[in-house]
Enquirer: 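Attaching a single structure in structure tokens format; questions to follow.
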Amino acid sequence: MRNFETILITGGAGFIGNHVVRYFIKNWESRIINLDKLTYAGNLENLTDVEDDNNYTFVKGCITDTSFLQEIFAEFKPDLVMHLAAESHVDRSIVSPLEFVSTNVLGTVNLLNVAKDYWQKTQPEDFLFYHISTDEVFGSLGASGLFSEKTPYDPRSPYSASKASSDHFVRAYHHTYGLPVVLSNCSNNYGPNQFPEKLIPLMINNIRRELPLPVYGDGKNVRDWLYVEDHVLAMEAIAQLGRIGETYNIGGHNEHQNIELVHQLCDLLDEKLGRPAGSARGRIEFVKDRLGHDRRYAIDSSKIQAELGWRPLVQLREGLSKTIDWYLENTDWLEHVTSGAYQEYYQRMYAG
Ligand code: NAD
Ligand code: DAU
């Protein structure tokens with residue numbers, strides 16, 4: 001089993017990243033370096049409970065900045081890079097595709113290049129570059145079937161095209177230079193601290209505030225939902241035991257049509273907020289569909305289950321209930337991220 005002295009986590013202030021940072025600080029002895037640009041999606045308020053830990057360092061910077069990355073590798077000498085930093089929201093990629101190319105493609109290649117130079121120069125014993133990616137690279141499924149690691153790539157949104165490109169570069173650096181890499185492609189995550197532009201936190205926030213609930217198209221698109229802490233456990237298993245050069249699919253075996261999921265959220269929130277049954281459902285509005293909206297995603301995660309013994313532990317109802325409770329207990333967080341106040345504060349704190 002691999003062990004690491006220093007783990008460089010990119011995108012650690014984002015939704016999944018903050019759960020990764022917290023888990024590794026609490027469960028590993030390693031030094032954790034969180035490198036994040038703090039875009040609108042990066043929020044250090046996610047990490048106030050661990051920010052004073054002796055093993056934790058935050059560095060603000062962009063993965064497209066070569067000299068900044070070279071300094072970080074020279075100073076901290078990471079033996080594991082967990083690369084999560086990305087532009088992650090499909091709707092934004094439809095409006096501003098070039099930002100996705102800049103961070104997800106150019107940023108990833110820049111990071112690979114700096115990592116490769118560092119690895120070649122210093123030859124650390126157990127170096128690993130772990131690239132965290134998405135099931136959206138595989139395209140869209142019909143009514144049946146699952147994405148496996150062998151499914152050909154067929155990205156259909158600017159977001160998934162940028163992530164597919166980054167995956168190809170990671171494999172190319174392994175094939176061409178021998179850089180030790182491992183990849184995973186995961187389905188839709190949900191849980192605390194997710195920016196409220198994504199379906200589940202957006203619905204929770206709008207139900208809480210008695211606003212309209214916008215469901216795209218006919219609401220019958222299917223996603224495979226995974227509680228974020230289950231994703232973190234899968235990442236830990238892959239970092240420790242994943243075979244070099246391999247890819248692992250991660251999914252929740254938890255397929256639901258969007259409208260079914262929104263109904264569940266409505267009913268759970270009505271109950272938790274003590275409102276009359278059916279009141280939230282009454283605010284559902286079917287709105288114009290997302291351009292190029294992928295119909296169905298579903299993951300075959302038998303490889304990671306068989307090789308690494310991972311499987312999802314949190315059932316959807318339990319995960320949704322925990323997620324809703326977190327948002328209801330953290331309305332300040334919601335107000336801050338929707339007003340942008342956290343960004344002004346931390347931009348000033350880490351300016352220069
Ligand atoms: P997120 O948008 O919540 O967070 C992204 C983080 O990256 C933010 O903290 C942001 O500040 C940082 N970042 C963005 N551009 C940067 C740059 N140029 N340099 C440095 N930092 C930068 O995203 P997320 O949902 O936490 O996703 C994390 C990773 O996991 C992404 O690579 C995403 O593609 C992948 N993924 C996400 C899901 C999901 O359901 N959310 C599922 C599968 C895979
Ligand atoms: O599959 C993994 C991917 O899951 C990750 O790679 C992405 O980073 C992550 O954002 C997520 O992408 P989706 O596009 O599936 O997630 P989103 O929450 O944006 O939308 C989920 C579904 O809900 C999708 O079918 C679109 C629909 N939707 C979304 C929003 C924001 C609505 O119907 N209404 C909405 O307001």
Enquirer: Y190, L269: one ILVMFWY side-chain cluster at the under-4.5 Å cut-off?
Expert: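 Yes, it is one cluster - the side chains of Y190 and L269 are joined through contacts under 4.5 Å.
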Enquirer: Once you round to the nearest 0.5 Å, how far does OG of S166 lie from NZ of K163?
Expert: 5.0 Å
Enquirer: State, with a plain yes or no, whether a side-chain heavy atom of F100 is found less than 4.5 Å away from one of S88.
Expert: no
Enquirer: Can you measure from CZ (R281) to CG (L213) and round to the nearest 0.5 angstrom?
Expert: 11.5 Å
Enquirer: In terms of hydrophobic clusters joined by side-chain contacts under 4.5 Å, are V287 and L199 together?
Expert: no
Enquirer: Only one of Y118, W119, F129 clears ring pair (Phe, Tyr, Trp, His ring centres under 6.0 Å) with F73; which?
Expert: Y118
Enquirer: Check step by step if side-chain hydrogen bond (donor to acceptor under 3.5 Å, both in side chains) holds for T64 and N110.
Expert: CA-CA 6 Å; T64 61; N110 196 39; 5.8 Å; no
Enquirer: To the nearest 0.5 Å, tell me how far I207 CD1 sits from R283 CZ.
Expert: 7.5 Å
Enquirer: Can you tell me how far CZ of F58 sits from CD1 of I32, rounded to the nearest 0.5 angstrom?
Expert: 14.5 Å
Enquirer: To the nearest 0.5 angstrom, please state how far the SG atom of C186 sits from the CD1 atom of I299.
Expert: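 Atom-to-atom, C186:SG and I299:CD1 are 7.0 Å apart.
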Enquirer: Any non-hydrogen side-chain atom of Y327 less than 4.5 Å from a side-chain atom of N330?
Expert: no
Enquirer: Which one of T247, V170, L241, L128 satisfies the side chain to side chain contact (heavy atoms under 4.5 Å, CB included) criterion with V182?
Expert: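 With V182 as partner, side chain to side chain contact (heavy atoms under 4.5 Å, CB included) holds for just one option, L128.
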Enquirer: F138 vs Y153 aromatic rings, parallel, tilted or perpendicular, using cut-offs 30° and 60°?
Expert: perpendicular
Enquirer: For the atom pair CG (D135) and CG (D300), what is the distance rounded to the nearest 0.5 Å?
Expert: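 So the CG of D135 and the CG of D300 are separated by 12.5 Å.
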Enquirer: Could you tell me whether the side chains of N205 and R208 share a donor-acceptor contact shorter than 3.5 Å?
Expert: yes
Enquirer: Side chains of L80 and Q240: does their closest heavy-atom pair fall under 4.5 Å?
Expert: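 Contact flag for L80/Q240 side chains = no.
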Enquirer: Determine the interplanar angle of the Y177 and Y173 rings, folded into 0 to 90°, and report it as parallel if under 30°, tilted if 30 to 60°, perpendicular if over 60°.
Expert: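 If you compare the ring of Y177 with that of Y173, the planes turn out tilted.
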Enquirer: Using the test side-chain contact (heavy atoms from CB on, under 4.5 Å), find all partners of N221 that sit at least two apart in sequence or belong to another chain.
Expert: D218, R223, N258, H293, R295
Enquirer: Hey, are the side chains of M82 and T10 touching, using non-hydrogen atoms and a 4.5 Å cut-off?
Expert: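 Not in contact.
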Enquirer: I'd like to check L69 versus L35 (side-chain heavy atoms, cut-off strictly below 4.5 Å). Are they in contact?
Expert: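 Contact flag for L69/L35 side chains = yes.
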